[in-house]
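Since the structure comes first, as structure tokens, the remarks are kept for the end.
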Amino acid sequence: MDAATITTPAVLILLGPPGAGKGTQARMLEDKFGLVQLSTGDLLRAAVAAGTEAGKTAKAVMEAGELVSDDIVIAILRDRLAEPDCGKGVILDGFPRTTVQAQALDTLLSETSQRINAAISLEVEDAEMVTRISGRYTCAMCGEGYHDTFKIPATDGKCDKCGSSEFKRRADDNAETVASRLAAYHAQTAPLITYYQDHGVLEGLNAMGNIDDIASQLEKVVSSAMN
């Protein structure tokens, strides 16, 4: 069955540590399958900007310096999934993060006879991720991304895109912080891996190679999951 003929919108989950390429791959899947990438941060910001009921609640919570509850996130996600552009399906990036959230998501999807078609885990080696993330930097003027090892400017100290000589690094893109973030990710995500494995929808994918090669493998997984 072609993806365009699906009547029940697909729901895909991308799992993977910081720097694994979830955002890049999600955008490529959007273009290929007509899906919509949804991240918790973007959902919250959009709901607050739109002034929805859930958005107003989230705004009040954030302004009080508190964490937005799972119930609020689910309410915002419920509103977003009902919008027309999600008709072919969505890619959830960064949600769920816990089994409690996964269970709440299952309950939400059951309301519209939807389900998780696949939870795709982008698998990478921690040592490689430390190298990959700690070497990142961007042009301070146009935001073009670079890397100490994998992508250096053609002319030393000069941005390929805009010619600026000003660059910046994120304060938390250092080896020690990255290692800590990876440890936290593994501790938090391990139960989710088991949860989706038990539900028969987990797909592991080696994400250590070339971006286009990974995209090609991912497309095959998504095509199969959506049929």
Of all heavy-atom pairs between Q188 and R97, which one has the smallest distance, and what is that distance? CG-O, 3.3 Å
Would you say that V36 contacts E83 through its side chain, given a criterion of any heavy-atom pair below 4.5 Å between the two side chains? no
Counting N and O atoms only, with roles assigned by atom type, does the side chain of H147 sit under 3.5 Å from a partner on the main chain of T131, one being a donor and the other an acceptor? yes
Residue pair F167 / P153: nearest heavy atoms and the distance that separates them: CZ-CG, 4.2 Å
Report yes or no: does S216 contribute a side-chain atom to a donor-acceptor pair with the main-chain N or O of D212 at less than 3.5 Å? no
Test applied, salt bridge (Lys or Arg N to Asp or Glu O under 4.0 Å); reference residue, D173; option that passes from R132, R181, K168: R181
Evaluate the side-chain proximity of Y196 to I120: yes if any heavy-atom separation is below 4.5 Å, no if none is. no
Under the 3.5 angstrom rule, does the side chain of T52 hit a backbone N or O of G55 as a donor-acceptor pair? yes
Rounded distance (nearest 0.5 Å) linking atom CG of L12 with atom CG of L38: 11.0 Å
Could you walk me through whether Q217 and V221 pass the side chain to side chain contact (heavy atoms under 4.5 Å, CB included) check? CA-CA 7 Å; Q217 295 177 58; V221 171; 5.8 Å; no
With side chain to side chain contact (heavy atoms under 4.5 Å, CB included) as the criterion, how do T99 and T194 come out once you've worked through the C-alpha distance, each side chain's angles and the decisive distance to 0.1 Å? CA-CA 9 Å; T99 52; T194 301; over 6 Å; no
Is a side-chain N or O of S164 found less than 3.5 angstrom from the main chain of E166, in a donor-acceptor match? yes
Gap separating the NZ atom of K59 from the CG atom of L44, nearest 0.5 angstrom: 13.5 Å
Report whether M129 and L14 are members of the same hydrophobic cluster (ILVMFWY, side-chain heavy atoms less than 4.5 Å apart, transitive linking). no
Is any side-chain heavy atom of L77 closer than 4.5 Å to one of L92? yes
Applying side chain to side chain contact (heavy atoms under 4.5 Å, CB included) to H199 and D106, what does each step give before you reach the verdict? CA-CA 11 Å; H199 282 68; D106 286 342; 4.2 Å; yes
Salt-bridge present (R27, E30; N to O < 4.0 Å): no
Is there a side-chain contact between F95 and I74 in this structure, where contact means two heavy atoms from C-beta onward sitting under 4.5 Å apart? yes
Going by heavy atoms in the side chains, are I13 and P96 under 4.5 Å from each other? yes
Checking N117 side chain against A225 main chain: does a donor-acceptor pair fall under 3.5 Å? yes
Please report the closest heavy-atom contact between C86 and P9, naming both atoms and the distance. O-CB, 3.6 Å
K151 side-chain N/O to G145 backbone N/O, donor-acceptor pair under 3.5 Å: yes
Can you tell me how far the CD1 atom of I72 sits from the CG atom of L43, to the nearest 0.5 Å? 13.5 Å
Might you confirm whether atom CG of D85 has over 12 heavy atoms from other residues, nucleotides or ligands at distances under 6.0 Å? yes
One should read off an interatomic distance between M28 CE and L218 CG, to the nearest 0.5 angstrom, of 9.0 Å
Under a 4.5 Å side-chain heavy-atom rule over Ile, Leu, Val, Met, Phe, Trp and Tyr, are L192 and V124 clustered together? no
Rounded to the nearest 0.5 Å, the CD atom of Q114 sits from the OG1 atom of T112 at a distance of 3.5 Å
Say whether L109 and V222 are linked into one hydrophobic cluster, either directly or through other cluster members, by side-chain heavy-atom distances under 4.5 angstrom. no
Flag the pair D126 / H186 as yes when at least one side-chain heavy-atom distance between them is below 4.5 Å, and no otherwise. yes
Please assess K220 against E203 for the test side chain to side chain contact (heavy atoms under 4.5 Å, CB included), listing each intermediate value before the final yes or no. CA-CA 11 Å; K220 292 177 183 176; E203 296 284 350; over 6 Å; no
Quick check on the hydrophobic clustering: are L205 and L29 connected, directly or via other members, by side-chain heavy-atom contacts under 4.5 Å? yes
Report yes or no: do L81 and I91 belong to one cluster of Ile/Leu/Val/Met/Phe/Trp/Tyr joined by side chain heavy-atom distances under 4.5 Å? no
Taking every non-hydrogen atom, the tightest pair across C162 and M141: SG-CB, 4.0 Å
Could you give the distance from CZ (R78) to CG (L108), rounded to the nearest 0.5 Å? 5.0 Å
For T98, is there any backbone N or O sitting under 3.5 Å from a side-chain donor or acceptor partner on Q103? no
Side-chain heavy atoms of V48 within contact of M62, under 4.5 Å: yes
Any donor-acceptor N/O pair, K22 side chain to G16 backbone, under 3.5 Å: yes
Hey, is CD on E176 packed in by over 12 heavy atoms from elsewhere, all under 6.0 Å? no
Heavy-atom nearest pair, I214 first then N206, reads CG1-O, 4.1 Å
Using only atom types and a distance under 3.5 Å, with no angle test, would you say the side chain of S110 pairs donor to acceptor with the backbone of T107? yes
Side chains of I133 and T177: closer than 4.5 Å at any heavy-atom pair? no
Mark yes when over 12 heavy atoms from residues, nucleotides or ligands other than E128 sit less than 6.0 Å from its CD; otherwise mark no. yes
Among N174, T138, D148, which one satisfies side chain to side chain donor-acceptor pair (under 3.5 Å) with R169? D148
Heavy-atom nearest pair, D160 first then T155, reads OD1-N, 4.2 Å
